[in-house]
Engineer: 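Quick one: the structure is below, questions incoming.
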2 protein chains.
Amino acid sequence: MNKMTLLDVSLIKNLDPFVGMEDTALQDVLDLSDSMHYAKGKMIFREGDQAKCFYLLLDGHIRVVKTSPHGEQIIARVISSGELFGIAKALHRDTYPADAVAAVDCLVLCWSNRHWDKIVNAYPSFASNTNKTVGKRLAETQARVMELATERVEQRVASTIVKLAAQTGKKTNEGILIDFPISRQDVSEMTGTTLHTVSRLMSAWESKGWVKSGRQKITLLESHKLAMVAAGHDKN
Amino acid sequence: MNKMTLLDVSLIKNLDPFVGMEDTALQDVLDLSDSMHYAKGKMIFREGDQAKCFYLLLDGHIRVVKTSPHGEQIIARVISSGELFGIAKALHRDTYPADAVAAVDCLVLCWSNRHWDKIVNAYPSFASNTNKTVGKRLAETQARVMELATERVEQRVASTIVKLAAQTGKKTNEGILIDFPISRQDVSEMTGTTLHTVSRLMSAWESKGWVKSGRQKITLLESHKLAMVAAGHDKN
DNA sequence: CGAAGCCTTGATGCGCCTCAACGTACGTGG
DNA sequence: CCACGTACGTTGAGGCGCATCAAGGCTTCG
């Protein structure tokens, strides 16, 4: 995690958290930040740590992971570039609620929580954008409760893959590639199942030509078919 | 839902959402509110409705219910007296994310969303308390995802009942009574199982003398035993 | 080149859903 | 106030979805 310098407003100008802010305001905020690099696999913060900073992901992908009392891990969400994370301050927490791990090499900005109130008060649209983000995450989490409570594994896995493709997908000549290393185990930790079941499902879909997958790699060839499975229209 | 009048600051003075506010401020806020009564079973708002108001529950209990595309219902949370609900505005939503149903006769205050910005800007501690509430709900929802993904039905049901007892429990000479009508079906919709399984579990616990339950009524006699089950220490 | 991490596939079993039937408390209206 | 309808609760039988256990192949990296 090396500190970097030379930040330009254009880096963050068009990101969700900063819509509605003037360039001068953005420069002010940027001047308060540090720029850091985290290598693939590095932990950025740990569940229960004192929350000293909040972060913006400039480039890369981050897994937000919670561990149960019995040691099972689940992936709470995946952060993509342009998103805030570690914003414990926005929720009046003084510790982080989960681990954050760099899924690939990541470039992040971070701000000391000292500056939070200053920024929020000076730039109401930032506060407002943050609330919106939190609201979205609450809705997503609630939707996941719904899925876990009412849908079968097959649907949840399909739905998760389709959502990941929408969030992080990169067009290739074959189809939509999920653009960071993701194992069967990762998918199982996102869906509340086992890596074995995920593997079987992926194999089945691969043999139907709906996906193409390999070691920590998933490409969607027929995402509408998967979307149908996700919706519960099993038979096909 | 009859409109009422004659509101006193003492009604809300000690409630979480209003800590840190002066009496004069409370009176100002109170003057903007309407007081309403909802009979047991009435729907206060429906998922997808335009969010015109936000609410404070003064007395009663409210079930927050989501319905899946296939018609299954789940109970997202139970609101107890003193809590805000329907605060779509805080999350920058313009519709409510779920149904709100009066579990018993309820007394609520409501404010037009017109007043939201005014109140939030005039009384920063209200804004701050609201963020804290949202943060707690996000954490709770996340914890539920965790439970659904990693625990077995028995644990989830035990855990839900213990939490309900902590949230709404009333001491009786027998034990802790969950203080609103709650059916087997309700519990199943909170835990992602069926009413049959809940019924079997309750019967088993009743025969061990851990709970005493009847029609829409649950009393905990040995909550520590249930807490053990919730924690996964099955054998006993 | 060995070791570790990821993936696959089979066999087996059980937790819990599903289907079914009946018992019991509530409240509503004749 | 009783009779009936409706909602809630209980309990059994059966089966399926998926976890678990087990074994082996393949890729990546030091």
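Lettering follows sequence order; numbering is per chain, from 1.
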Engineer: Can you check whether A:Ser183 has a side-chain N or O nearer than 4.0 Å to OP1 or OP2 of C:dC6?
Structural biologist: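 It does not, given that no N or O in the side chain of A:Ser183 lies less than 4.0 Å from OP1 or OP2 of C:dC6.
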
Engineer: Go through C:dC6, D:dT10, C:dC16 for me and flag the one nearest to the A:Gln216 side chain.
Structural biologist: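 Between C:dC6, D:dT10, C:dC16, the one nearest the side chain of A:Gln216 would be C:dC6.
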
Engineer: Nearest nucleotide by nearest heavy atom, which residue falls closer to the 5' end of DNA chain C, B:Lys40 or B:Thr194?
Structural biologist: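 Nearer the 5' end of the strand: B:Thr194.
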
Engineer: Scan nucleotides 22-29 of chain D against the protein and return all N/O pairs shorter than 3.5 Å with their distances rounded to 0.1 Å.
Structural biologist:
none

Engineer: Could you tell me whether the phosphate oxygens of D:dT11, OP1 or OP2, come under 4.0 Å of any side-chain nitrogen or oxygen in B:Ser203?
Structural biologist: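 Yes.
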
Engineer: To the nearest Å, give me how far apart CG (A:Asp186) and P (C:dC7) are.
Structural biologist: 8 Å

Engineer: Test side chain to side chain contact (heavy atoms under 4.5 Å, CB included) on A:Ile12 and A:Leu58 and set out the steps.
Structural biologist: CA-CA 8 Å; A:Ile12 62 167; A:Leu58 281 180; 4.1 Å; yes

Engineer: Let me test you: for the helix from C:dC1-D:dG30 to C:dG30-D:dC1, what is the angle between the axes at its two ends (five pairs each), rounded to 10 degrees?
Structural biologist: 40°

Engineer: Checking B:Ser80 against B:Gln167: is there a side-chain donor and acceptor pair closer than 3.5 Å?
Structural biologist: yes

Engineer: Can you tell me how far C1' of C:dC7 sits from NZ of A:Lys212, to the nearest Å?
Structural biologist: 15 Å

Engineer: With a 4.0 Å heavy-atom cut-off, tell me which residues in residues 69-79 of chain A come close to DNA chain C, sorted by residue number.
Structural biologist: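 By residue number: none to list.
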
Engineer: Do A:Ile178 and A:Leu220 come within less than 4.5 Å of each other through their side chains, counting heavy atoms only?
Structural biologist: yes

Engineer: Considering only D:dC18, C:dC16, C:dT18, which nucleotide approaches the side chain of A:Val153 most closely?
Structural biologist: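 Of D:dC18, C:dC16, C:dT18, D:dC18 is nearest to the side chain of A:Val153.
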
Engineer: Classify the ring geometry between A:Tyr38 and A:Tyr55 as parallel (under 30°), tilted (30 to 60°) or perpendicular (over 60°).
Structural biologist: perpendicular

Engineer: Without decimals, in angstroms, what is the distance between A:Gln185 CD and D:dA19 P?
Structural biologist: 12 Å

Engineer: CD of A:Glu154 versus C1' of D:dG17: gap in Å, rounded?
Structural biologist: 11 Å

Engineer: On the nucleotide C:dC17, are OP1 or OP2 found under 4.0 Å from the side-chain N or O atoms that B:Thr193 carries?
Structural biologist: yes

Engineer: Is there a donor-acceptor contact under 3.5 Å linking the side chains of A:Thr194 and A:Arg184?
Structural biologist: no

Engineer: In whole Å, I'd like the distance from the CD1 atom of A:Ile218 to the C1' atom of C:dC7.
Structural biologist: 12 Å

Engineer: What I want to check is whether the side chains of A:Glu72 and A:Ser68 have a donor and an acceptor closer together than 3.5 Å.
Structural biologist: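 Distance-only check passes for A:Glu72 and A:Ser68.
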
Engineer: Is the phosphate of D:dT10 approached by B:Ser199 (side-chain N or O, under 4.0 Å from OP1 or OP2)?
Structural biologist: yes

Engineer: Please pick, from C:dT9, D:dT11, C:dC16, the nucleotide with the shortest atom-to-atom distance to any side-chain atom of A:Arg200.
Structural biologist: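 Nearest listed nucleotide: C:dT9.
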
Engineer: Rounding to a whole Å, what distance do you find between B:Trp205:CH2 and D:dG9:C1'?
Structural biologist: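 That distance rounds to 16 Å.
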
Engineer: Is it the case that atom NZ in B:Lys170 sees more than 12 heavy atoms from other parts of the structure closer than 6.0 Å?
Structural biologist: no

Engineer: Please report the interatomic distance CD1(B:Ile176) to CG(B:Leu221), rounded to the nearest 0.5 Å.
Structural biologist: 9.5 Å

Engineer: B:Glu147 and salt bridge (charged side-chain N to carboxylate O under 4.0 Å, His left out): which single residue from B:Lys163, B:Arg156, B:Arg152 fits?
Structural biologist: B:Lys163

Engineer: Inspect the contact between A:Lys66 and A:Asp99 and indicate whether a charged nitrogen and a carboxylate oxygen are less than 4.0 angstrom apart.
Structural biologist: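 Looking at A:Asp99 and A:Lys66, the cut-off is not met.
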
Engineer: Would you say A:Thr197 places a side-chain N or O within less than 4.0 Å of OP1 or OP2 belonging to D:dC18?
Structural biologist: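 No, because none of the side-chain N or O atoms of A:Thr197 sits under 4.0 Å from OP1 or OP2 of D:dC18.
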
Engineer: Map B:Arg156 and A:Glu206 onto DNA chain C by nearest heavy atom, then report which one ends up closer to the 5' terminus.
Structural biologist: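 Nearer the 5' end of the strand: A:Glu206.
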
Engineer: Are A:Lys212 and A:Glu206 ion-paired here, with the side-chain N under 4.0 Å from a carboxylate O?
Structural biologist: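 Result for this pair is no, no salt bridge flagged.
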
Engineer: Measure from CD on B:Glu151 to C1' on D:dA19 and round the result to the nearest Å.
Structural biologist: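 Atom-to-atom, B:Glu151 to D:dA19, this comes out as 16 Å.
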
Engineer: Rounded to whole Å, please give me the gap between NZ in B:Lys217 and C1' in D:dC8.
Structural biologist: 14 Å

Engineer: With a sphere of 6.0 Å drawn around NZ of A:Lys40, does it hold more than 12 non-hydrogen atoms of other residues, nucleotides or ligands?
Structural biologist: no

Engineer: Assess, by modelled atom type and distance only, whether the side chains of B:Thr67 and B:Glu47 contain a donor and an acceptor separated by less than 3.5 Å.
Structural biologist: no

